[in-house]
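Only a predicted model underlies this, so the values are computations on that prediction, with no experimental measurement involved.
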Amino acid sequence: RPAAGGMMDLAYVCEWEKWPKSTHCPSVPLACAWSCRNLIAFTTDLRSDDQGAGLLPGPWTVHPSVEGLRCHLLPTGSRLLSADADGQIKCWSMADHLANSWESSVGSLVEGDPIVALSWLHNGVKLALHVEKSGASSFGEKFSRVKFSPSLTLFGGKPMEGWIAVTVSGLVTVSLLKPSGQVLTSTESLCRLRGRVALADIAFTGGGNIVVATADGSSASPVQFYKVCVSVVSEKCRIDTEILPSLFMRCTTDPNRKDKFPAITHLKFLARDMSEQVSLLCQTSSIVECWSLRKEGLPVNNIFQQISPVVGDKQPMILKWRILSATNDLDRVSAVALPKLPISLTNTDLKVASDTQFYPGLGKAEEPGAWHCTAPECLWTLALLQSVPRPRWPGAAPPLPAGTQVCLTWRWSSPTRQLSMLRISPSMGHTLDVNLALRHLLFLLEYCMVTGYDWWDILLHVQPSMVQSLVEKLHEEYTRQNAALQQVLSTRILAMKASLCRLSPCTVARVCDYHTKLFLIAISSTLKSLLRPHFLNTPDKSPGDRLTEICAKITDVDIDKVMINLKTEEFVLDMNTLQALQQLLQWVGDFVLYLLASLPNQGSPLRPGHSFLRDGTSLGVLRELMVVIRIWGLLKPSCLPVYTATSDTQDSMSLLFRLLTKLWICCRDEGPASEPDEALVDECCLLPSQLLIPSLDWLPVSDGLVSRLQPKQPLRLHFGKAPTLPGSATSLQLDGLIRAPGQPRIDHLRRLHLGAYPTEECKACARCGCVTMLKSPNRTTAVKQWEQRWIKNCLCGGLWRRVPLSYP
């Protein structure tokens with residue numbers, strides 16, 4: 001049994017700055033939902049503007065427009081369900097894909113019937129996490145796809161979006177969202193004899209069915225379970241229900257204790273896609289029981305075995321609930337949170353957790369101010385947060401009052417106008433060897449890389465001293481995967497490395513390189529996609545592939561000789577398109593010039609661009625783009641990068657291509673890497689006297705909290721108000737590269753200058769701080785193609801949020 005008492009600590013508290021007494025109403029049940037993108041939705045007990053959606057990295061960017069007493073986020077975080085006491089269900093979606101701007105366009109209504117349970121239909125995606133194989137080389141061994149059917153499918157097997165809700169009178173309502181935008185809604189009774197439903201929860205089976213658990217709140221009554229099947233017949237939604245075995249809580253079967261537990265206050269499945277595991281909680285003193293639904297053989301009387309020998313050969317099976325574990329008496333529990341990692345409760349799980357010290361916990365908030373985290377397999381206490389240390393500021397509210405809602409990973413919202421964020425390691429505070437702690441963090445980062453989940457909450461546990469090791473191990477594990485998987489994860493691992501390197505002053509310069517590499521990959525793929533074969537029936541290879549092949553084969557330093565070997569007719573584009581791409585082409589030219597000018601200073605690893613000087617692949621991509629730009633310059637000279645040269649007769653493109661090719665030859669993949677010769681370094685030393693070296697806007701300014709939370713001192717934040725916090729390690733190390741307040745800003749994706757105080761509405765990435773205009777100023781198809789890549793997510797994969805206009 002693991003030792004109890006592992007400590008958690010408070011990361012930040014976010015609260016409403018103004019709390020008008022006139023709008024305050026008596027405490028009501030709170031709702032709190034969390035998505036894998038670290039987007040949260042929550043309610044408070046204000047009558048107006050009382051609900052919101054925000055980001056864990058920046059909780060002050062709340063959007064107070066979501067109404068309801070229950071909320072449920074789509075796993076991707078792009079949509080939100082809310083339900084109220086009048087039976088009104090609203091489906092909210094991001095306006096313009098902005099995390100702090102939501103709008104409701106569709107919904108459903110069960111008039112006058114309060115909603116007690118609400119869930120999105122399952123999309124059929126389930127990934128198993130194998131902690132015991134964390135040392136395996138293949139991601140396929142660590143994380144395996146589980147065969148799981150969607151609740152409902154469209155033509156071709158595509159999952160159909162929709163939601164299911166249970167009302168207080170025992171009705172189940174299902175709404176389906178058709179691709180056309182039409183909503184199909186149907187409502188049926190869970191069983192013929194309808195009764196009051198005080199508690200309910202919804203889970204899904206691997207066969208595409210839905211299981212609903214209900215209780216009337218009394219511990220003397222059974223907990224009922226129903227199987228719900230959803231289908232579409234003649235363009236109408238159809239619901240079929242079937243009664244499953246029910247159960248009585250074990251604590252109520254003891255005559256000496258049943259009066260001590262009069263009510264069931266919490267009813268939850270252990271996982272959304274695990275309908276055979278359920279946890280129940282009773283008050284007044286609290287006790288938690290975990291039950292499992294299993295198939296068991298039914299003994300057959302000898303008389304029937306003689307009549308039908310076939311029955312005797314194959315014993316009939318029935319479903320039966322069996323108790324797994326139960327806690328001792330606890331103080332009054334006000335909320336329960338379930339683990340977000342995909343867990344499986346088998347007989348070997350406890351041994352695996354003990355061997356690996358990796359515990360997916362079950363959280364319980366107790367009213368006197370304690371926060372328990374227990375192992376769901378056996379309900380042993382893994383960690384305890386008793387009377388959370390009160391932040392040292394005047395008027396701080398006491399932690400964990402009645403009505404608190406908690407959710408893993410770890411936060412609570414309470415009627416004391418606070419949203420609090422706890423952090424605790426996967427070891428639940430147990431002392432670990434450094435290598436084992438790194439393995440846990442690496443395993444979770446790999447899980448996020450494979451699934452696409454946001455990794456901000458994992459960064460909370462990364463210390464600056466761990467960054468270098470984590471980045472190296474992450475890259476090592478990535479290179480072990482097959483080529484196809486590496487290509488799929490290539491941009492995601494760069495974004496993850498950039499997030500990690502922000503945490504340490506020693507690696508902060510690499511953040512610039514990783515962001516630049518992401519931008520270079522995006523530009524390369526976009527520009528190559530514009531190339532078209534001259535004859536439609538010719539290519540076994542695309543023009544972009546032929547460009548890569550020819551540039552890799554021909555090592556000539558003369559750009560015109562390389563260009564002669566290409567079919568220039570494949571590079572012909574409309575003149576307006578070429579002119580619209582000038583800003584992106586200018587960035588490529590400026591970056592090549594900066595890299596070559598920084599070659600004599602290559603001994604300084606803190607200088608941005610250092611890693612590119614030994615990266616043959618990236619230098620090869622830059623060389624290909626220089627050839628493309630040269631060809632396009634013959635068609636439209638005004639689209640060429642503009643250089644400020646000391647000589648009017650100097651061919652700047654040819655000069656830069658010659659030096660870039662010599663540097664590329666030194667470190668390309670085909671041969672052994674060699675140091676640049678002295679002649680090349682001398683020529684690069686002369687570049688500042690021949691061309692004006694541009695100052696590049698290397699790193700977006702991020703207002704994230706991770707690097708500021710390292711001292712483990714809780715921060716005090718306010719909803720709707722960006723914090724004024726001391727600078728992070730990033731800003732301290734790169735003062736010369738980050739723009740100070742009041743200096744001109746730049747659109748990081750369009751490479752347009754916005755001025756010191758932009759007049760156009762902008763959006764910023766919640767992860768890296770990248771800023772771009774909300775509305776496109778371009779009408780050219782090629783530029784729109786570039787901009788469409790960043791409609792939903794930033795270059796690094798982060799969510800967008802609207803940035804308020806600033807004034808001098």
Side-chain angles (χ1 to χ4, degrees), residues 483-484 486-487 490-491 516-575 577-593 595-596 612 615-637 639-641 651-671 780-783 785-786 789:
Q486 286 189 32
Q487 186 175 2
S490 58
T491 56
T516 305
K517 189 171 291 188
L518 284 170
F519 197 67
L520 177 61
I521 292 172
I523 286 183
S524 175
S525 59
T526 299
L527 297 187
K528 288 181 180 179
S529 69
L530 297 175
L531 309 181
R532 295 290 181 268
H534 189 58
F535 299 104
L536 295 179
N537 58 348
T538 51
D540 42 346
K541 292 182 179 179
S542 68
D545 293 336
R546 277 201 298 274
L547 170 68
T548 302
E549 183 180 349
I550 291 173
C551 288
K553 185 190 304 182
I554 301 176
T555 59
D556 202 298
V557 296
D558 189 341
I559 190 171
D560 293 323
K561 290 184 179 179
V562 177
M563 187 177 64
I564 292 174
N565 291 275
L566 296 168
K567 298 178 181 179
T568 53
E569 61 270 12
E570 295 179 343
F571 294 78
V572 176
L573 294 179
D574 180 71
M575 298 295 110
T577 300
L578 290 177
Q579 189 60 49
L581 294 172
Q582 202 278 331
Q583 284 82 8
L584 299 181
L585 305 185
Q586 181 71 47
W587 180 88
V588 174
D590 288 347
F591 182 57
V592 171
L593 176 56
L595 277 186
L596 294 172
F612 280 91
D615 187 351
T617 303
S618 296
L619 294 176
V621 172
L622 287 170
R623 190 167 174 267
E624 296 166 16
L625 295 180
M626 292 288 282
V627 174
V628 173
I629 293 172
R630 180 73 164 191
I631 297 174
W632 284 348
L634 299 176
L635 301 174
K636 182 77 171 178
C639 79
L640 286 171
D651 188 349
S652 301
M653 287 284 292
S654 296
L655 171 64
L656 294 178
F657 184 83
R658 178 167 57 83
L659 298 178
L660 180 63
T661 300
K662 289 182 178 180
L663 179 60
W664 167 71
I665 291 175
C666 293
C667 53
R668 60 177 179 164
D669 298 334
E670 294 180 5
T780 311
T781 304
V783 180
Q785 175 187 342
W786 167 258
R789 297 171 67 102

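- Here Gln486 pairs with nothing under the side-chain hydrogen bond (donor to acceptor under 3.5 Å, both in side chains) rule; sequence neighbours left out.
- Inter-residue side-chain proximity for Val588 and Leu584 is flagged as unmet; no heavy-atom pair is nearer than 4.5 Å.
- Between the side chain of Ser529 and the main chain of Thr526, a donor-acceptor pair closer than 3.5 Å is present.
- When all heavy atoms of Ile523 and Trp587 are compared, the closest pair comes out as CD1-CE3, 3.7 Å.
- Between Arg546 and Leu531 there is no side-chain heavy-atom pair separated by less than 4.5 Å.
- With sequence neighbours excluded, the residues that form a side-chain contact (heavy atoms from CB on, under 4.5 Å) with Glu624 are Lys528, Leu547, Thr548, Cys551.
- When the salt bridge (charged side-chain N to carboxylate O under 4.0 Å, His left out) test is applied to Arg532, no partner is found at least two apart in sequence or on another chain.
- For Gln586, the side-chain contact (heavy atoms from CB on, under 4.5 Å) partners two or more places apart in sequence, or in a different chain, are Gln582, Asp590, Pro641, Val642.
- Under the 4.5 Å side-chain criterion, counting only non-hydrogen atoms from C-beta, Pro543 is not in contact with Lys567.
- Annotation: the span from Thr577 atom OG1 to Leu635 atom CG amounts to 11.5 Å, rounded to 0.5 Å.
- Side-chain contact between Phe657 and Val592: absent, with no pair of heavy atoms (C-beta onward) separated by less than 4.5 Å.
- Put simply, the side chain of Asp574 does not reach to within 4.5 Å of the side chain of Thr780, judged on heavy atoms.
- Note: Leu660 CG to Leu595 CG = 8.0 Å, rounded to the nearest 0.5 Å.
- Checked against ring pair (Phe, Tyr, Trp, His ring centres under 6.0 Å), Trp632 has no partners two or more places apart in sequence or in another chain.
- When ring centroids are compared, Phe519 and Phe591 stay outside the 6.0 Å threshold.
- At a threshold of 4.5 Å between non-hydrogen side-chain atoms, the residues Leu581 and Leu530 count as touching.
- Taking all atoms of both residues into account, the shortest heavy-atom contact from Leu656 to Gly589 is CD1-O, 4.4 Å.
- For Ser490, the side-chain contact (heavy atoms from CB on, under 4.5 Å) partners at least two apart in sequence or on another chain are Tyr478.
- Looking only at side-chain heavy atoms (C-beta outward), Leu640 and Leu585 stay at 4.5 Å or farther from each other.
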Quick one, Lys553 with Asn565, criterion side-chain contact (heavy atoms from CB on, under 4.5 Å). Give me CA distance, side-chain angles, the key distance, then yes/no.
CA-CA 11 Å; Lys553 185 190 304 182; Asn565 291 275; over 6 Å; no
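- Between Cys639 and Gln579, the shortest heavy-atom contact is N-OE1, 4.0 Å.
- Residues passing the side-chain hydrogen bond (donor to acceptor under 3.5 Å, both in side chains) test with Thr661 are Arg623, sequence neighbours excluded.
- Applying the salt bridge (charged side-chain N to carboxylate O under 4.0 Å, His left out) rule to Lys636 yields no partners; only residues at least two apart in sequence or on another chain are considered.
- Residues that satisfy the salt bridge (charged side-chain N to carboxylate O under 4.0 Å, His left out) test with Arg630, not counting sequence neighbours, are Asp560, Asp651.
- Side-chain contact between Val557 and Lys662: present, with at least one pair of heavy atoms (C-beta onward) separated by less than 4.5 Å.
- Rounded to the nearest 0.5 angstrom, Cys667 SG and Leu619 CG are separated by 4.5 Å.
- When the salt bridge (charged side-chain N to carboxylate O under 4.0 Å, His left out) test is applied to Glu569, no partner is found at least two apart in sequence or on another chain.
- For Ala522, the side-chain contact (heavy atoms from CB on, under 4.5 Å) test picks out Trp786, Arg789, Trp790, Leu795, with sequence neighbours left out.
- Thr568 meets the side-chain hydrogen bond (donor to acceptor under 3.5 Å, both in side chains) test with no other residue; sequence neighbours excluded.
- We find the NZ-OG1 distance between Lys517 and Thr617 to be 8.0 Å, quoted to the nearest 0.5 Å.
- To the nearest 0.5 angstrom, Ile554 atom CD1 is 10.0 Å from Glu549 atom CD.
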